[in-house]
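In what follows, a single structure is set out as structure tokens and then discussed.
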Amino acid sequence: MNNSGAIGLFDSGVGGLTVSRVVNRLLPAEAIIYYGDTAHVPYGQRSAEELLGFADKIVSFLAGQEVKYIIFACNTNSALSLPVLSSRYPLPMIGLIKPGVAEALQTTRNGKIGVIATEATVRSGAYEKEIKIHDKSIEVFSRAAPLLVPLVEAGETDTPAVARAVRQYLSPLGQAGIDTLILGCTHYPFLAGLISEEMGPDVRLIDPAVSTVRGAAKEISRLGLLASGEASPVHRFYVSGEPHTFREQAQRFLGRDVGRVIRADL
Ligand code: DGL
């Protein structure tokens with residue numbers, strides 16, 4: 001491992017781009033290798049065993065690309081696979097749950113935190129457990145939002161269908177009186193406008209990507225692995241499904257072309 005290696009990120013699809021764009025912003029000298037497991041999206045309804053199998057292959061692929069650090073740009077795998085894989089590989093890695101919780105705990109004033117996430121993440125109880133480790137008095141209101149990932153993957157971020165789904169999932173959280181909402185799936189920040197409209201100005205949205213990338217930056221620096229040099233880094237994108245569709249969606253979401261997307265079946 002040396003500082004010229006890239007940072008590896010992975011997700012089921014385009015969701016992890018909400019994390020990679022934060023890496024680009026906070027660590028502009030770092031090269032990224034991104035893997036979108038688009039042949040298997042959505043992850044949210046899959047079993048823990050199946051998810052671990054996918055994540056293991058992806059981490060092994062990224063390790064083979066000589067990445068120096070891995071960010072699980074997927075809450076579902078941060079919840080279910082990271083605890084197993086972090087001891088299986090000699091690579092430093094980080095997930096979204098702990099940093100997201102730390103930020104939510106600093107943010108809440110009334111002790112009522114909402115979490116929207118995939119079914120698998122909600123079922124794992126990962127967010128709730130992590131919150132309770134730090135503060136048992138916090139009330140946690142978790143809600144699975146299974147329709148949102150397929151809608152975002154289809155490029156729907158501002159249609160009546162997605163607005164209806166957002167309202168349906170979030171209105172119970174609004175009624176519960178939460179003042180902080182964790183966006184517990186990396187696809188959801190693309191819907192942040194609709195979500196904050198639905199929740200109103202008194203509810204703070206937490207996108208765990210920012211605190212996660214800050215945490216990653218600290219660790220990479222501590223390990224002496226920060227990229228040196230001024231040259232613009234080259235980012236590489238791999239998918240298990242159709243490269244063209246991913247490239248189009250990525251361009252739409254990031255507002256720039258990500259260049260060639262390579263199909264890598266693992
Ligand atoms: N974006 C991922 C997450 O953060 C996976 C969503 C899915 O594929 O269901 O959980």
Side-chain angles (χ1 to χ4, degrees), residues 1-24 27 30-44 46-100 117-118 120-121 124 126 130 149 184-187 208-209 212-213 215-220 222-223 225 227 233-241 243 246 250 258 261-266:
M1 242 188 304
N2 63 54
N3 69 340
S4 62
I7 298 178
L9 290 99
F10 73 97
D11 179 44
S12 60
V14 291
L17 297 174
T18 63
V19 186
S20 71
R21 69 183 177 183
V22 180
V23 176
N24 291 150
L27 295 167
E30 299 293 342
I32 283 172
I33 297 182
Y34 185 99
Y35 190 90
D37 194 7
T38 51
H40 299 123
V41 67
Y43 275 172
R46 295 181 184 273
S47 70
E49 292 71 32
E50 206 175 6
L51 290 163
L52 180 60
F54 294 150
D56 195 7
K57 284 191 180 152
I58 297 168
V59 168
S60 156
F61 170 76
L62 291 172
Q65 307 290 310
E66 301 194 338
V67 299
K68 61 186 175 190
Y69 193 87
I70 295 183
I71 300 178
F72 280 49
C74 166
N75 289 266
T76 311
N77 274 308
S78 299
L80 290 154
S81 310
L82 177 62
V84 181
L85 296 180
S86 58
S87 56
R88 198 174 284 179
Y89 289 86
L91 264 169
M93 24 182 111
I94 193 170
L96 297 145
I97 312 282
K98 285 175 196 276
T118 64
T121 301
S124 76
E130 181 64 21
V149 168
C185 168
T186 52
H187 284 73
T212 301
V213 174
K218 240 188 231 165
E219 214 181 326
I220 293 169
R222 190 179 56 79
L223 294 166
L225 292 174
V234 177
H235 307 308
R236 278 185 284 156
F237 292 84
Y238 294 91
V239 289
S240 51
F246 182 89
V258 297
V261 176
I262 300 160
R263 184 180 202 140
D265 247 334
L266 307 181

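What you see is a predicted model; the values in this text were computed from it and never measured.
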query = Do V59 and M93 come within less than 4.5 Å of each other through their side chains, counting heavy atoms only?
reply = yes

remark   = Value for CG (N77) from CG (L85), rounded to nearest 0.5 Å, stands at 8.0 Å

ask   = Is the backbone of A39 close enough, under 3.5 Å, to the side chain of S240 for a donor and an acceptor to pair up by distance?
value = yes

inquiry  = Which label fits F246 and Y34: parallel for a plane angle under 30°, tilted from 30 to 60°, or perpendicular past 60°?
reply    = tilted

query = What heavy-atom pair brings S78 and C74 nearest, and what distance separates the two atoms?
reply = OG-O, 2.6 Å

task = Please test F237 against L17 for side-chain contact (heavy atoms from CB on, under 4.5 Å), starting from the C-alpha separation and ending with a verdict.
result = CA-CA 10 Å; F237 292 84; L17 297 174; 3.8 Å; yes

query = Counting only heavy atoms not in K68, do more than 12 sit closer than 6.0 Å to its NZ atom?
reply = yes

inquiry  = Under the criterion side-chain contact (heavy atoms from CB on, under 4.5 Å), I'd like the reasoning laid out for V19 against D11: C-alpha separation, chi angles, the key distance, then a yes or no.
reply    = CA-CA 10 Å; V19 186; D11 179 44; over 6 Å; no

ask   = Passes side-chain contact (heavy atoms from CB on, under 4.5 Å), C185 versus V149? Steps please.
value = CA-CA 9 Å; C185 168; V149 168; 3.7 Å; yes

query = To the nearest 0.5 Å, what is the distance between CD1 (I94) and CG (L82)?
reply = 9.0 Å

Candidate pair I33 and Y35, rule side-chain contact (heavy atoms from CB on, under 4.5 Å), full reasoning = CA-CA 7 Å; I33 297 182; Y35 190 90; over 6 Å; no

message = Contact between R236 and Q65 at the side-chain level, heavy atoms closer than 4.5 Å - yes or no?
response = yes

query = Is it true that a side-chain atom of R88 and a backbone atom of D56 form a donor plus acceptor pair closer than 3.5 Å?
reply = no

ask   = When rounded to the nearest 0.5 angstrom, what is the spacing between CD in E49 and CG in L51?
value = 9.0 Å

task = Heavy atoms only: give me the nearest L96-P208 pair and the separation to one decimal.
result = O-CB, 3.6 Å

key: For I71 against A216, the heavy-atom pair lying closest together   = CD1-CB, 4.0 Å

key: E30 side chain to A227 backbone, donor-acceptor under 3.5 Å   = yes

request  = Please check if the side chain of T18 supplies one atom and the backbone of T186 the other of a donor-acceptor pair under 3.5 Å.
outcome  = yes

inquiry  = Going by ring-ring contact (aromatic ring centres under 6.0 Å, His included), name the pairs with one or both residues in residues 62-91, residues two or more places apart or in two chains.
reply    = F10-F72

ask   = Crowded around E66 CD? As in, over 12 foreign heavy atoms under 6.0 Å?
value = no

query = Could you give the distance from NE2 (H235) to CG (N24), rounded to the nearest 0.5 Å?
reply = 4.5 Å

Shortest non-hydrogen contact between V261 and V258, atoms and distance = CG2-CG2, 3.9 Å

request  = Taking all heavy atoms of I97 and all of A126, pick out the closest pair and write down the distance.
outcome  = CG2-O, 4.0 Å

query = At what distance, to the nearest 0.5 angstrom, does CG of D37 lie from CG of D265?
reply = 9.5 Å

task = Output the distance between atom CG (N75) and atom OG1 (T118), rounded to the nearest 0.5 Å.
result = 7.5 Å

note = Minimal heavy-atom distance between S86 and P83, with the atoms involved, is OG-O, 3.5 Å

